[in-house]
Amino acid sequence: MATSATHLHSSMASLFPPSSLSSSSPSPKRRITFKSYALDIRNSANLPPVNPNDPFLSRLAHVAANSPEKLYNRPKNSDMPPFLDIFEPPKLMALPAEVGRSVSYRGPRTRRPPPDLPSLLLHGRIVYIGMPLVPAVTELVIAQILHLYYVDDQEPIFLYINSSGTARDDGETVARESAGFGIYDCLMQLNCEIHTVAIARAMGFACLFLAAGTKGKRYMFPHAKAMLAQPKLPSTGLMQATDVVIRAREAIIQRDNLVNLIAGHTGNSVEEVFKLMSRPFYMDSLKAKKFGFIDKILWRGQEDLMMDIAPPDAWHKLAPPS
């Protein structure tokens, strides 16, 4: 212990003038006192310049004046560098939301949690239809479109489509055709541009939304699918024959309206569209562009790959002879 005290005294003497220490040979029971922490180093040529506001020196002087035993009774085989253990360990933030998270690798760091994804898309003027047009989805899509148009009636609205329309993938009807016509009529009331993008699928009424975008601003991913289909009747159950006829007549009216709208947006004749819709008609990106449903395919370097793939109609010609 005497050796440690002598070493501490020599270390302290190299930082502070001899007059600032109460004794040249401190003992474990004697307290080290400082006349002033403001160091007079101008007249000392052996000491480097020291910042009086240095937090390490301030903490070291405070511990030496109030708890010198922390400096004397040091462990012999400590992995901590000298005098660094006198600092209190850092405390974690109380709230996880206060931890800075980076929104991107190069972007600024934020102190607030990110918003939910629908709000983030809406902030970019993106309306995403990722489900069949059930009543809840229809209500949300119409509300988002009207909100974006209210905020700015000049900026374009981006409609991202990944929907099977008013039916599920297995063909079961989950919504009435009035839901699809409601979204379509809402889009037609806007004066701003509508950019439509088919991400994975645009079937039924979703295919109408794709074709109803602003001319020149209708896009499709290379491997996305579009499909034309006639409106379907929901399950009739135990309905009377008269009621079934009424619903069938209404379904025919909805089909004719859908055919006329698609013909107007794609530039095809009503007869041709009606013929295509006689059965489910699937279209890849190339065929959708050919029939006028889109204006551009978002290739991103896949042009050569897609061009080398033969259409299904030519597969039998490329098959080896049996």
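Aromatic pair Phe291/Phe281: ring centres closer than 6.0 Å.
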Identify all side-chain donor-acceptor contacts of residues 143-151 below 3.5 Å with residues at least two apart in sequence or on another chain.
residue, atom, partner, partner atom, Å
Tyr149, OH, Asn191, ND2, 3.1

Under 3.5 Å, side-chain donor or acceptor atoms of residues 248-258 against the rest of the protein: list the pairs with distances, not counting sequence neighbours.
residue, atom, partner, partner atom, Å
Glu250, OE2, Gln254, NE2, 3.0
Asn257, ND2, Ile253, O, 3.3

Extract all donor-acceptor atom pairs below 3.5 Å that involve side chains of residues 199-213 and protein atoms in other chains or at least two apart in sequence.
residue, atom, partner, partner atom, Å
Arg201, NE, Asn162, OD1, 3.4
Arg201, NH1, Asp169, OD1, 2.2
Arg201, NH1, Asp169, OD2, 2.8

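For the side chain to side chain contact (heavy atoms under 4.5 Å, CB included) criterion with Ile157, the lone passing option out of Ile126, Ile194, Asp152 is Ile194.
Going from atom CG of Leu190 over to atom CD of Glu193 covers 12.0 Å, rounded to the nearest 0.5 Å. The line from CD of Gln189 to CG of Leu187 is 10.0 Å long, rounded to the nearest 0.5 Å. Here CG of Asp295 is found 8.5 Å from NZ of Lys289. Values are rounded to the nearest 0.5 Å. Rounded to the nearest 0.5 angstrom, Ser164 OG and Leu133 CG are separated by 7.5 Å. Expressed to the nearest 0.5 Å, how far NE2 of His265 lies from OG1 of Thr196 amounts to 10.5 Å. Separating the OG atom in Ser269 from the NZ atom in Lys275 is a distance of 10.0 Å, to the nearest 0.5 Å.
Under the 4.5 Å side-chain heavy-atom criterion for grouping Ile, Leu, Val, Met, Phe, Trp and Tyr, Phe293 is not connected to Met227 through any hydrophobic cluster. Residues Leu276 and Met220 share a single hydrophobic cluster, defined by chaining ILVMFWY side chains whose heavy atoms lie under 4.5 Å apart. Tyr282 and Phe221 are members of different hydrophobic clusters when ILVMFWY side chains are connected at heavy-atom separations under 4.5 Å.
Residues Thr138 and Ala179 approach most closely at OG1-CB, 3.5 Å, considering heavy atoms. Minimum heavy-atom separation, Arg168 to Asp170: NH2-OD2, 2.9 Å.
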Next on the checklist: Show, in sequence, the C-alpha distance, side-chain angles and deciding distance for Lys225 and Asp284, and conclude whether the side chain to side chain contact (heavy atoms under 4.5 Å, CB included) test is met.
Outcome noted: CA-CA 5 Å; Lys225 287 290 184 179; Asp284 58 10; 3.8 Å; yes

Checklist entry - Would Glu155 and Arg125 satisfy side chain to side chain contact (heavy atoms under 4.5 Å, CB included), going step by step from the backbone distance to the final call? => result CA-CA 9 Å; Glu155 290 293 324; Arg125 300 186 65 84; 3.5 Å; yes

Next on the checklist: Please evaluate residues Met239 and Arg247 with respect to the criterion side chain to side chain contact (heavy atoms under 4.5 Å, CB included), reporting the C-alpha separation (whole Å), side-chain torsions for both, the decisive distance (0.1 Å), and the verdict.
Outcome noted: CA-CA 10 Å; Met239 297 178 61; Arg247 287 201 172 188; 3.5 Å; yes

Item to check | Worked check of side chain to side chain contact (heavy atoms under 4.5 Å, CB included) between Ile161 and Val197 | outcome: CA-CA 6 Å; Ile161 304 170; Val197 182; over 6 Å; no

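Residues Leu261 and Tyr184 are in side-chain contact: their nearest non-hydrogen atoms beyond the backbone lie under 4.5 Å apart. Looking only at side-chain heavy atoms (C-beta outward), Glu177 and Pro231 come within less than 4.5 Å of each other. In this structure, the side chains of Leu140 and Tyr128 stay at 4.5 Å or more apart for every pair of heavy atoms. Taking the side chain as every heavy atom from C-beta outward, Val127 and Val141 approach each other to under 4.5 Å. Two residues are said to be in side-chain contact when any heavy atoms from C-beta on lie closer than 4.5 Å; Val259 and Met277 meet this criterion. Two residues are said to be in side-chain contact when any heavy atoms from C-beta on lie closer than 4.5 Å; Met283 and Leu228 meet this criterion.
Atom CZ of Phe274 is surrounded by 12 or fewer heavy atoms from other residues, nucleotides or ligands within 6.0 Å.
In terms of modelled atom types and a separation under 3.5 Å, the side chain of Ser285 and the main chain of His223 share no donor-acceptor contact. Side-chain atoms of Ser163 come within 3.5 Å of backbone atoms of Gly165 as a donor-acceptor pair (strictly under, hydrogens ignored).
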